[in-house]
2 protein chains.
Amino acid sequence: MPSPDVSPAAHLIAASGGRVTRTRIAVLEILQDSPRSLNHDDIAAQLAADGMPHDRVTLYRTLDWLVEQGLAHRVIGPDRARRFKAGGETRSQHAHFHCDRCGHVLCLESIRPEEQFTLPAGFEPDRAELVFHGTCADCGRQRGAKA
Amino acid sequence: MPSPDVSPAAHLIAASGGRVTRTRIAVLEILQDSPRSLNHDDIAAQLAADGMPHDRVTLYRTLDWLVEQGLAHRVIGPDRARRFKAGGETRSQHAHFHCDRCGHVLCLESIRPEEQFTLPAGFEPDRAELVFHGTCADCGRQRGAKA
DNA sequence: CGGCTAATGCTACAATGTTGCATTAGCCAA
DNA sequence: TTGGCTAATGCAACATTGTAGCATTAGCCG
Ligand SMILES: [Mn+2]
Ligand SMILES: [Mn+2]
Ligand SMILES: [Zn+2]
Ligand SMILES: [Zn+2]
C-alpha cells in the first residue's frame with residue numbers, strides 16, 4: 001500500500017518517471033502553493049526560507065524538467081525573465097495578466113485565445129500567447145481605498 | 001523648399017525633434033525596408049553590410065529612442081530577445097506571429113486583441129499582447145513543395 | 001565658422017541563462 | 001540490506017542580452 005507520508009507533489013514526480021529528489025519536491029510544492037507565477041528569485045528565496053540550500057543551475061534544470069514533464073508551465077514577462085506556475089500548459093492554454101503596478105503575473109484561466117481568431121491564409125498556429133498589461137484587481141482596490 | 005535628397009526616414013527623425021544622425025537614418029531605413037521584425041544582430045549585420053560600422057550600445061540606444069519617438073515598435077520573442085519594426089505601437093495594437101521553423105516574427109496587422117475579451121472583475125488592462133506560434137505561410141509552402 | 005550639448009564609442013558591469021565535468025544520491029536488482 | 005548504475009546535483013566557467021559612466025565627436029543653431 002502507498003505510504004501516506006508521501007506528498008502529492010512527490011507522487012506526480014514519481015509518476016512522470018524521474019527520480020524523486022528533495023529539490024524537485026520542494027520546487028513543485030512551492031509552485032503549487034502560489035496563486036501567482038514565480039520567477040527564479042522568488043523560488044530561490046522560498047527555498048532559502050525553508051532552509052533548503054541549493055544551486056542556481058540546479059534550479060534552472062529542475063524548472064525546465066518540470067515544464068518538460070508537464071508539471072509546470074512558463075510565461076516570459078516584459079522584463080525578459082521566465083515565470084513559472086504549477087500545471088501543464090497544453091492542457092490549460094490560457095491568457096495571463098501582467099500588473100504594471102505590483103509586477104505580478106496572474107493566470108486568467110477563463111480566457112483562452114485558441115479558436116478566437118482567423119489568421120491570414122497559410123499561417124498554421126499551434127498555440128497562442130495572450131498577455132494583458134495594466135492594473136490588477138488587488139492594486140485597483142488599493143488605489144481606490146487610498147483615494 | 002525641402003531638399004529632395006533627404007530620405008523620408010530623415011524627415012521623420014527631424015520631425016520628432018532629435019538630431020538627424022547617420023545611425024538613426026540607417027537604422028530606421030533598415031526597419032522600414034524589412035517586412036519582418038529584426039533583432040539587434042539582424043540590424044547590426046545589415047549595418048555592417050552597408051559599410052556602416054557600429055557600436056552595440058549605440059544601437060541599443062538608437063532603437064530605444066526610435067521606440068520612444070513612436071517611429072518603431074518592439075516585441076519580445078520566446079528567445080527573450082527584442083525585435084523591432086518600423087511604425088509606432090500605440091497606433092497599431094496588433095498581434096504577431098512567431099514561426100517555430102524559420103524563427104521570424106511577423107506582424108498580423110489585421111488582428112487586434114483589443115476589445116475581444118472580458119476580463120475578471122477588477123482587472124484594468126491598457127494593452128494586450130497576442131503572439132501566435134506555429135508555421136508561417138512561407139515555411140508552410142516550402143514544406144508542401146518538398147513533400 | 002564657433003560653440004553648445006546631444007549623440008556616440010568604449011569600458012566595465014548587471015541580469016539571466018547555458019555548458020562541461022566531477023561528485024552525490026535515488027533507484028533497482030541481487 | 002546492500003552494492004552498483006547512472007540520473008541528478010554542485011561548482012566553475014562561459015554566453016547572451018541589456019545598462020551605466022564618462023570622455024570624445026559631431027549635429028545644430030546663431
Ligand atoms: Mn498560467
Ligand atoms: Mn508588429
Ligand atoms: Zn498588481
Ligand atoms: Zn517561417
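We name chains A, B, ... by the order of the sequence lines, and we start the count at 1 in each one. What's counted below: heavy atoms across the whole structure, side chains too, no hydrogens, waters or symmetry copies.
- Of the candidates D:dG18, C:dT16, C:dC27, the closest approach to any side-chain atom of A:V20 belongs to C:dC27.
- Remark: A:H54 is not in phosphate contact with D:dT9, judged by side-chain N or O atoms under 4.0 Å from OP1 or OP2.
- At a cut-off of 3.5 Å, with distance as the only test, a side-chain donor of B:H96 or B:H94 sits close to an acceptor on the other residue.
- Side-chain N/O atoms of B:R80 and base N/O atoms of D:dG18 include no donor-acceptor pair closer than 3.5 Å.
- Per the geometry, CZ belonging to A:R22 stands 8 Å off P belonging to D:dG10, to the nearest Å.
- Closest to the A:T62 side chain, of the nucleotides D:dT9, D:dG18, C:dG17, is D:dT9.
- Between A:F97 and A:F132, the ring planes are parallel. Angles under 30° get that label, and only those over 60° would be called perpendicular.
- The side chain of A:T21 has D:dA8 as its nearest neighbour among D:dT17, D:dA8, C:dG17.
- Nearest nucleotide to the B:R19 side chain, out of D:dT17, D:dC28, C:dT19: D:dC28.
- Heavy atoms of A:V57 sit under 4.0 angstrom from at least one base atom.
- Evaluation of atom-type donor-acceptor distances gives a pair under 3.5 Å for the side chain of A:R56 against the base of C:dG17.
- Nucleic acid contact class of B:R24 (heavy atoms, under 4.0 Å, all strands): sugar-phosphate only.
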